[in-house]
Each structure stands twice: as C-alpha cells, then as structure tokens.
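The figures that follow rest on heavy atoms only: side chains count, while hydrogens, waters and symmetry mates do not.
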Number of protein chains: 2
Amino acid sequence: MDTNWSVRLDTETRTLGARTAARLRELIRDGVLAPGTRLPAEPELARRLGVSRPTLRAAVTELIGDLLLVRRRGVGTFVSAAPRPAHGLERLTGTGRGITLVGRRPGTTGLRVRHVVADPALAAHLHVDPGSPVVHLTRTRTADGVPVAHCAEWIPAGLLPEPTALDAFGAEDSLHDRLAALGLPLRQAVARLVPVVPDADLRDRLDLASDAPLLLLEQRHFAVAPGDRVALFSRHWYDTDRIDLELVRRG
Amino acid sequence: MDTNWSVRLDTETRTLGARTAARLRELIRDGVLAPGTRLPAEPELARRLGVSRPTLRAAVTELIGDLLLVRRRGVGTFVSAAPRPAHGLERLTGTGRGITLVGRRPGTTGLRVRHVVADPALAAHLHVDPGSPVVHLTRTRTADGVPVAHCAEWIPAGLLPEPTALDAFGAEDSLHDRLAALGLPLRQAVARLVPVVPDADLRDRLDLASDAPLLLLEQRHFAVAPGDRVALFSRHWYDTDRIDLELVRRG
DNA sequence: GAGTGGTCTAGACCACCAG
DNA sequence: TGGTGGTCTAGACCACTCC
C-alpha cells in the first residue's frame with residue numbers, strides 16, 4: 001500500500017491529534033480503510049502517519065467515540081461496519097451546524113434580538129442578580145426550508161464587550177461563532193430534556209399540524225473563561241418528527 | 001498542607017488515571033479542595049499524587065468533563081463553584097445505577113422475561129435475521145418507590161452463552177452487570193430521543209394521572225466484543241415530572 | 001520574565017488473544 | 001510464543017496569562 005498517509009504535511013491550525021483523527025476519517029471515507037478491515041498495528045500506523053503512538057491513540061480514541069472504529073485488545077483495531085449517527089447531542093454544536101452535520105441545509109426565520117432584564121427565574125438560570133441586563137434572541141430554525149426547532153437564548157449583557165455587541169446579529173450568523181469572536185467560546189453545556197405539548201405560539205412558529213409533543217432542550221452553556229459563569233441559557237423546542245435527535249452514550 | 005495525597009497506596013484494580021481521578025474527587029468532596037480554590041500546578045500536583053503529569057492530566061480532564069474542575073491556561077486549574085448534574089445521559093449506565101447516582105433508591109416492579117422471535121422491525125434494530133430468537137425483558141423502574149420509567153429490552157439469544165441465561169433474572173438484578181458477567185459488557189449506546197404521549201398501558205404501568213408526554217429513549221447498545229454487533233435494543237419511557245433527565249454536552 | 005496549562009515524543013512494560 | 005492493544009513515565013517545548 002503506497003498511499004501517502006502522512007499527516008504532517010497538513011498545515012491547519014488544529015492539534016496534531018485532531019489532524020490525525022481527520023486524516024483517519026478521510027482514509028475511511030475514501031475507502032482506503034474499508035468497513036471491517038483491520039488497521040495496521042498502532043506502532044506501524046503511528047510511523048506511517050508520522051506521529052507518536054500516544055498521539056495516534058488519542059486520534060483513534062476520538063474515532064471510537066464516533067463509532068467509526070472498534071478496538072479489540074490483542075487482536076487489532078477495525079473499521080466499524082455498523083451504521084452510526086452523523087451527529088449526536090453529546091457533542092456541543094450550534095443548532096445550525098447540527099443541521100448541517102445530518103446533511104441538511106440550515107436556515108433561520110423570525111429572528112429577533114431584544115434587551116431585557118433578568119426576572120428571578122432567569123437570574124437563577126444565568127447565575128446573575130435579578131434585574132441584570134440580558135440580551136435575548138429568538139428565532140425559528142429550518143432544515144431544507146422546513147421548520148424543525150424554535151430557539152430562545154439569553155446572554156448576560158455583562159459578559160459581552162459591549163451590551164450592543166449582538167444587535168447586528170443576522171439570520172445567517174452562527175451564535176456560537178459570534179460569541180467565540182466576542183471572547184466567549186462555549187465549551188460545554190448542561191441540558192435538561194423535557195417532553196412538552198406545544199402551545200398555540202409554538203404551533204404557529206413551527207407550522208405544526210398536530211399537537212404531537214415536542215422535545216424541549218433547556219440548556220446552561222459555560223464558556224472557557226471565566227469558566228464557572230453561565231454564558232448562555234437557552235430553550236430549544238425540537239419537532240422530532242422532522243429531525244432526529246440522537247445521542248451517543250459511553251460507558 | 002500535610003494531607004497525604006498519594007494515590008499509589010490504593011490497591012484497587014482500576015487504572016492509575018481512574019484512581020487519581022477518584023482521589024481528586026475525594027479531596028474535593030472532603031473539602032480539602034474547596035470550591036473556587038486553585039489546585040497546585042500540574043507538575044507539583046502530579047508529584048504529590050505520585051503519578052506522571054500525563055496521568056494526572058487524564059484524571060483532571062475526566063473531572064472537567066464532570067464539571068468538577070475548570071482549567072484556565074496560564075492561570076491554573078480551579079475547583080468549580082457551579083452546580084453540576086449528579087448523572088448525565090451522556091454516560092452509559094444502567095437505569096438503576098442512574099437512579100442511585102441522583103441520590104434515590106431504585107426498585108423494580110412487573111418484571112417479565114420472555115422468549116420471542118425477531119419481527120422485521122426488531123431484526124433491523126438488532127442487526128439480526130428476522131425470525132432469530134430474542135430474549136425480551138419488561139419492567140417498571142421506581143425511585144424511592146415512585147414509578148419513573150417503563151423499560152423494554154431485547155437481547156439476541158445468539159449472543160448469550162445459553163438462550164436461558166437470563167431466565168433467572170431477578171427484580172433486584174442489574175441487567176448491565178448480568179450481561180457483563182455473561183461476557184457481554186456494554187460499552188456504548190446510540191439513543192434516539194422521542195417525546196411521546198403515553199397510551200393506556202403506559203399510563204397504568206407508570207400510574208400516571210395526566211396525559212403529559214413521556215420521553216422515550218430508544219437505544220441500540222454495543223458490547224466490547226464482537227464490537228460491531230448490537231447486543232441490546234431497548235425502549236425506556238421516562239416520566240420527566242418524576243425524574244430529571246440531564247445531559248452534559250462538550251465542545 | 002515567571003509561572004501556568006497545552007501538546008507531543010520515545011520508550012518501556014503489561015495484559016490479552018491467537019497460533 | 002509472538003503480536004496486539006493498554007498503560008504509564010520523564011522530559012521537552014510551546015502558548016498563554018499576569019506581573
């Protein structure tokens with residue numbers, strides 16, 4: 001096999017482990033590593049990719065988490081033959097990117113940006129004092145033009161460089177990317193899952209014909225710094241008849 | 001500070017990284033490392049715990065995933081002051097253990113074990129041929145005596161050492177533990193989340209007064225070996241009014 | 001500049017599986 | 001018995017934060 005496997009030619013900015021994982025994804029996607037085949041032994045594979053074995057193992061571990069590879073001690077590492085989710089909720093991404101990952105085209109309707117003050121309930125969710133200024137976004141997300149989720153977001157204005165930093169937020173923008181550009185990259189979120197019956201407003205926004213229940217994701221998002229503060233509180237109502245919500249659980 | 005931090009005295013069977021993480025959990029739980037305090041620098045902390053820095057980092061990374069610690073580059077690692085979930089769905093555990101983790105007492109009612117054959121739909125979920133023998137368990141789980149979820153599980157009989165291996169399964173048993181003892185340790189699962197309106201049977205089993213929607217977790221579980229085969233398919237209907245379902249999402 | 005976390009390496013030894 | 005993945009180490013260098 002004379003395929004050039006090396007990952008060191010890559011000049012992207014990500015870590016070597018992430019680039020190695022990306023290279024393995026390509027080799028699998030392109031069929032160089034077909035489903036069911038065994039990978040070369042780890043020291044050999046590391047040599048071919050031009051990385052150390054721990055770095056290779058980090059990359060392989062990542063792909064195992066995505067169900068692309070299977071390790072069998074004493075036997076080898078294999079390309080998985082089982083179907084796998086294109087996107088799982090355990091990975092934190094923006095709603096738009098999640099829609100892209102499942103192969104659909106994201107869109108936004110009804111975007112509205114407001115400045116509000118935190119009532120006691122919202123203040124508790126955001127870990128701020130009641131009465132604090134909060135930026136509030138609402139919008140309906142579509143996939144291939146079909147509404148799939150209605151999203152409401154609340155961001156403490158005190159965490160933004162300026163309270164007006166999000167006033168120019170557009171329908172095509174990514175809130176995750178925008179917050180990262182403002183120095184608030186979201187790194188993790190704690191979501192509460194609640195099945196709910198849609199009210200008239202939600203039925204209207206999502207253009208629902210039936211009163212089938214929706215799945216509400218109520219999330220507290222944390223940024224890298226200062227780290228302990230809630231950078232974003234959100235409520236997303238998903239119509240699971242129109243978009244599958246999947247989740248990879250690891251033991 | 002003359003606390004004995006060393007982790008090498010521990011004789012348990014887990015890996016050194018896992019024992020180190022457990023030691024850090026103890027130090028946090030016991031208040032030696034109070035919320036908001038900065039941990040010693042990584043080389044220093046590794047020395048105190050008697051492990052190498054990569055091993056320490058693996059442990060710290062695990063606790064960060066559990067929201068117990070926060071890393072700030074160039075500044076330090078801090079004990080989180082924010083509340084965190086006791087149990088997240090992103091971690092694969094048995095339902096009973098999940099109930100224990102949130103501080104409640106698990107129980108089981110209405111356990112039934114049956115032998116069935118796979119119809120085409122079930123065969124597709126289990127990746128077996130239609131007509132294959134399947135062991136089917138149903139039971140209702142309680143927390144502190146209150147029904148919180150109804151569970152249905154299907155296991156390909158061909159993966160068991162004997163088709164009758166689960167006939168003696170008892171109300172107090174853990175299916176995860178039992179399957180591990182049978183050589184089928186479950187390592188990961190892909191769950192689909194669907195809000196559903198309970199039918200009469202579910203309302204009866206869960207003793208529901210209202211017709212509030214339930215959250216259905218439809219899961220394909222994978223074992224370590226052979227690795228690609230579905231070892232267990234399950235449907236769990238949760239009453240989220242009686243038990244919170246939370247999920248930690250990482251970027 | 002000093003100290004912190006972030007990344008990567010080379011090598012070692014062990015546990016498991018297959019022949 | 002030989003090859004595989006599983007784990008751990010010591011050390012190096014870099015990037016970032018704060019003084």
Visitor: What is the distance, rounded to the nearest whole Å, between atom CD of B:E62 and atom P of D:dT7?
Guide: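 For the pair B:E62 CD and D:dT7 P, the rounded distance is 12 Å.
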
Visitor: Mark yes or no for whether A:R220, through its side chain, and A:H125, through its backbone, hold a donor-acceptor pair below 3.5 Å.
Guide: no

Visitor: Rounded to whole angstroms, how far apart are CZ on B:R38 and P on C:dG3?
Guide: 11 Å

Visitor: Please state how far atom CG in B:L56 lies from atom C1' in C:dT4, giving the value in whole angstrom units.
Guide: 13 Å

Visitor: I want to check one thing: is the phosphate of D:dT7, taken as OP1 and OP2, less than 4.0 Å away from some side-chain N or O of B:T15?
Guide: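 B:T15 to D:dT7 OP1/OP2: no side-chain N or O under 4.0 Å.
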
Visitor: Please tell me if B:T55 has a side-chain N or O lying less than 4.0 Å from either OP1 or OP2 of D:dC8.
Guide: no

Visitor: Output one letter per nucleotide in nucleotides 13-19 of chain D: B when a protein non-hydrogen atom lies under 4.0 Å from the base, S when only the sugar-phosphate is that close, - when neither is.
Guide: --BBB--

Visitor: By nearest atom, which of the nucleotides D:dC8, C:dG6, D:dG5 is closest to the B:E42 side chain?
Guide: C:dG6

Visitor: Between atom CZ of B:R38 and atom CZ of B:R72, what is the distance when rounded to the nearest 0.5 Å?
Guide: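 That separation rounds to 11.0 Å.
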
Visitor: Write down the atom of B:A59, the atom of B:L24, and the distance for their closest heavy-atom approach.
Guide: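 Heavy atoms of B:A59 and B:L24 come nearest at CB-CD1, 4.4 Å.
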
Visitor: Whole Å only: how far is the CG atom of A:L63 from the P atom of D:dG5?
Guide: 14 Å

Visitor: Taking CZ from B:R19 and P from D:dT7, how many angstroms apart are they, rounded to a whole number?
Guide: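 Whole-Å distance recorded here is 12 Å.
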
Visitor: Consider the side chain of A:R71, meaning its heavy atoms from C-beta on, and name the nucleotide among D:dT7, D:dG6, D:dA10 that approaches it most closely.
Guide: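 Given the options D:dT7, D:dG6, D:dA10, the side chain of A:R71 is closest to D:dG6.
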
Visitor: What pair of heavy atoms forms the shortest contact from A:R104 to A:P106, and how long is it?
Guide: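 Nearest pair, atom of A:R104 first, then A:P106: O-CD, 3.5 Å.
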
Visitor: Measure CD1/B:I64 against P/C:dG5 and give the value in whole Å, please.
Guide: 10 Å

Visitor: Do B:R29 and B:E26 pass the salt bridge (charged side-chain N to carboxylate O under 4.0 Å, His left out) test, and can you show the C-alpha distance, the side-chain angles, and the key distance before you say yes or no?
Guide: CA-CA 5 Å; B:R29 186 198 58 201; B:E26 284 175 20; 5.1 Å; no

Visitor: Side chain of B:A41: nearest nucleotide among C:dG5, D:dG5, C:dT9?
Guide: C:dG5

Visitor: Taking the nucleotide of DNA chain C with the nearest heavy atom to each, does B:P43 or B:P54 sit closer to the 5' end?
Guide: B:P43

Visitor: In this structure, how many angstroms lie between the P atom of C:dC8 and the CG atom of A:L49, rounded?
Guide: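 Result: 13 Å.
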
Visitor: Please determine whether a side-chain nitrogen or oxygen atom of A:R57 lies at a distance below 4.0 Å from atom OP1 or OP2 of D:dG6.
Guide: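 For D:dG6, OP1 or OP2 has a side-chain N or O of A:R57 closer than 4.0 Å.
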
Visitor: Please check: side-chain N/O of A:R187 versus main-chain N/O of A:A223, any donor-acceptor pairing under 3.5 Å?
Guide: no

Visitor: Categorize B:R47 for me: base, sugar-phosphate, or nothing, with a 4.0 angstrom heavy-atom threshold over every strand shown.
Guide: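 Result for B:R47 = nothing.
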
Visitor: Pick from A:R235, A:H136, A:H236: which one makes a side-chain hydrogen bond (donor to acceptor under 3.5 Å, both in side chains) with A:E153?
Guide: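 Looking at A:R235, A:H136, A:H236, the match for A:E153 under the side-chain hydrogen bond (donor to acceptor under 3.5 Å, both in side chains) is A:H236.
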
